[in-house]
Structure formats: structure tokens, C-alpha cells
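Okay, so here's the structure we're looking at.
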Amino acid sequence: PDYAEAYNNLGMALKEVGFNEQADIRFLKAVEKKPRFAEAYYNLSTSMDFCISPAQITEMKAALEQPGYSRQEKILMSFALFNALDQSELQSEAIEYLLEANRLCRGGFRYSIEDDEVFFSVMKNSFKNQKHENFVFPINSERFLKYPIFVVGLPRSGTSLVEQILASHSEVFGAGELVNLYELIEDDIELVRSGNELDFSRQRMSDLRSGYISGLNRLGADSRFVVDKMPANFLYIGHILKALPEAKVVHCFKNPVASCFSMFKQYFPDNGYPYAYQLEELARYFKFYRDLMQFWEAQFPGQIYQLNYEELVEDQRAITSDLLEYCDLGWEE
């Protein structure tokens, strides 16, 4: 009953299934049992329903000064203080903690934006240098039971919201961020990382197709369509539309400044997006991403649905109707 980590973990589980108020009660209990518990404070700071008090903010600041506080605890508490102060409309002070949180994150691993620049360039050149016939695959003989909808884009660009909207349809199963595609082309990615070109031959695409479909058919038993919401699949649209020409690709995007800032203020566990912790690197990566998306659009005209996040939240019904039409799904009230 005094184990703070269990209360914190229970709070995270409750939050995952939508019981936000009950989750906040557990996070508060965790802090009560273990004062200056960085992860519990961070979880509280991300709550939609709970406002951290001035007294708690003072306690959080004091925690950062205590000896023995680990780098990870400092990262979480700094992000938590940014969220708390931003919510209290103390933006200038909040930004200082956000900068410190990102500085600590960025200092914890090695990353080269130049390596990513090479990666984007080789990916485009590999595709341009291939002989480009449009492959036709025999659907019936492969028992193509599920039709994939890939929702792609940068993190924090509305991909989760779009998946949630699509998964509300009776014919659609939302599978979340699948690693199936990445695992099938992992060797290709290593080739690109080392500066080598890729194989987009019919045989290679046929193998990729069979591997992906077999994984997809194990998901969402009663649904014809499955949403694969791995944002980073924007890198592999060439693979997707060559191997799975029936697939739907929905590209979610935001205003560039809003997109970059929403990543910069987000804590990503395990350094999942290493370009997101330093503003210049983030801006450069955004340019690489935008250039690649323009390239894919030119290679596959009319096959990628461009979904503007700001337009979606302004007129959700109209954009949803358009999106469903693109996905060959009927309107459901």
C-alpha cells in the first residue's frame, strides 16, 4: 500500500483506457507516498483535467535542486515544470525548463543530422534510379483479406486523431503503430544508412507484399480495413505503394512552426525521435521530411491523401467525409 511506483503505474494504465480522473488520483497518491517523484509529477502535468498548484510547482522546483537526482528524473521534472507553468500562463519561465529538458535529452545520445540528410537523399535516388513499371498483383490468389490504410506524418501531426476517427467506422480496425513494415525492410534501411541504393524490383516488392499481408490478416477479425498508424512510414511510401498499390496512404501535416514546436515540447521515451530535441536539427529534419513528401507526391500523383490538421479541427465533419471517400468507405453518422 505504500509502493509509490505501483500507484503511478496504475495511473498510467487507467489513463490508457480513458479513466483520466481516476488516473490523476493515483498519480497524486504516488506523489504523496514518494515526494518529488518525477515520473508521477510528469504524468500529472500531462493531465487534461488536473491543474498543478503553485505549492506543487514550488515542490517540483525544489526536487531539481536535491542531490542524487538522476538525469532521467531531471528530464521528466523539467518537462513537468514546463507543462505546469505553461498551463499557469507563465510562459517565459516555462520555456526555460523546456529548453533544459531538451538539452538534457539531447546530451544523452549520439545523433547526426547529416546522416539523416544522406538517408533522405539516398532514399529518393534509389527510387528515381529504378525502372518504374506499376506492378499488378493477383489479389484473390493471395487471400487479400484486409485492406491497409497507412496514416503517416511527423509525430504530433494528428495521426492519432485521424486513426481514432477512421477506427470509429464499423469496417475499420485501428491497429496503432505497427512495426510490421519496418521489420520487413530493416535490411533495406541499413543499406540506405550505409549509402547503398535499394531494390524496388518486382520480386522484392512481391516478397514485401506477402510478408505484410500475412501479418495484417491476423488483425481485426471482422474488419475489412486496418489502420497502420506508424508515423515514420512516410519514409517508406515508395515501398508501400509499389508493393501494395491498393493501399491508402493518409499524410497528416500541420503548420510547420506548430508541427516543430509540438514535437519540441513533447517528451519521447527512449529517444525515439532523436532530431526533436534541438531546434536547428528539428528545423532541418522538417525540411528533409517536407522535401521527401513532395517527392512521393510527384511519384504517386493523386494516390496520397493530404490531410491538414488545422482544417480537420476547424471542420471535422467535412474533412472526415472527404477522407472516407478517399478510403472507399461509406459515411456512417
Side-chain angles (χ1 to χ4, degrees), residues 132 134-140 142-178 180-181 205 208-209 212-213 215-217 219-256 258-259 262 289-290 292-333:
H132 284 310
N134 293 319
F135 302 138
V136 177
F137 296 98
I139 296 174
N140 293 335
E142 294 177 277
R143 297 183 71 244
F144 195 105
L145 304 177
K146 305 293 183 186
Y147 289 84
I149 303 172
F150 291 88
V151 177
V152 305
L154 289 178
R156 314 296 298 165
S157 61
T159 55
S160 295
L161 176 60
V162 170
E163 183 198 27
Q164 195 171 34
I165 290 169
L166 287 169
S168 299
H169 196 284
S170 63
E171 294 186 67
V172 181
F173 176 73
E177 298 188 2
L178 297 177
N180 302 29
L181 181 66
M205 294 300 100
L208 173 57
R209 175 185 182 82
Y212 188 82
I213 290 171
L216 209 64
N217 284 338
L219 299 170
D222 300 323
S223 304
R224 280 202 311 137
F225 296 83
V226 175
V227 180
D228 182 339
K229 189 208 77 79
M230 177 59 78
N233 282 339
F234 78 84
L235 293 162
Y236 318 122
I237 289 176
H239 289 82
I240 291 168
L241 291 178
K242 290 290 280 187
L244 298 154
E246 308 85 350
K248 303 297 183 180
V249 178
V250 180
H251 170 224
C252 300
F253 65 96
K254 277 182 179 176
N255 167 282
S259 183
S262 63
Y289 142 79
R290 185 165 57 182
L292 182 63
M293 286 309 307
Q294 290 169 348
F295 173 78
W296 293 136
E297 182 67 32
Q299 298 299 313
F300 302 100
Q303 289 183 254
I304 303 168
Y305 184 86
Q306 304 290 347
L307 193 148
N308 181 292
Y309 175 80
E310 285 87 1
E311 291 179 4
L312 175 64
V313 295
E314 182 71 26
D315 192 352
Q316 189 250 323
R317 186 184 180 94
I319 300 299
T320 297
S321 177
D322 198 39
L323 172 64
L324 292 176
E325 184 177 346
Y326 163 77
C327 292
D328 298 327
L329 290 162
W331 176 267
E332 292 182 349
E333 192 63 37

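These numbers come from the heavy atoms of this one structure, side chains and all, not from hydrogens, waters or symmetry mates.
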Any side-chain heavy atom of [X] sitting closer than 4.5 Å to one from [Y]?
X: C327; Y: L323; result: yes
X: C252; Y: V152; result: no
X: V172; Y: V227; result: yes
X: I304; Y: L241; result: yes
X: S321; Y: W331; result: yes
X: Y309; Y: L161; result: yes
X: L244; Y: I213; result: yes

Taking [X] for the side chain and [Y] for the main chain, is one N or O donor matched with an acceptor at less than 3.5 Å?
X: T320; Y: Q316; answer: yes
X: R209; Y: A243; answer: yes
X: E177; Y: D228; answer: no
X: T159; Y: P155; answer: no
X: S262; Y: A258; answer: yes
X: E171; Y: F225; answer: no

Can you confirm whether more than 12 heavy atoms, excluding those of [X], are under 6.0 Å from its [atom1] atom?
X: Q306; atom1: CD; value: yes
X: E332; atom1: CD; value: yes
X: E310; atom1: CD; value: yes

Name all residues meeting the ring pair (Phe, Tyr, Trp, His ring centres under 6.0 Å) criterion together with H251; count only those two or more places apart in sequence or in a different chain, and write none if there are none. F253, Y289

Partner set under ring pair (Phe, Tyr, Trp, His ring centres under 6.0 Å) for Y305, not counting sequence neighbours: Y326

Using atom types as modelled, flag every donor-acceptor pair under 3.5 Å from a side chain in residues 231-240 to any protein atom, sequence neighbours excluded.
from	atom 1	to	atom 2	distance (Å)
H239	NE2	D188	OD2	3.2

Approximate separation, where rounding is to 0.5 Å, of [X] [atom1] and [Y] [atom2]:
X: L166; Y: K248; atom1: CG; atom2: NZ; answer: 12.0 Å
X: R224; Y: H169; atom1: CZ; atom2: NE2; answer: 9.0 Å
X: E314; Y: N308; atom1: CD; atom2: CG; answer: 10.5 Å
X: Y147; Y: L329; atom1: OH; atom2: CG; answer: 12.0 Å
X: I149; Y: K229; atom1: CD1; atom2: NZ; answer: 14.0 Å
X: L154; Y: M293; atom1: CG; atom2: CE; answer: 9.5 Å

Would you sort out whether Y212 and L178 count as a side-chain contact (heavy atoms from CB on, under 4.5 Å), showing the intermediate values? CA-CA 11 Å; Y212 188 82; L178 297 177; 4.3 Å; yes

For the student: nearest non-hydrogen atoms of P245 and Q303, plus distance: O-NE2, 4.3 Å

Between F295 and F300, is the ring centroid distance below 6.0 Å? no

Test side-chain hydrogen bond (donor to acceptor under 3.5 Å, both in side chains) applied to K254 and S157, step by step: CA-CA 6 Å; K254 277 182 179 176; S157 61; over 6 Å; no

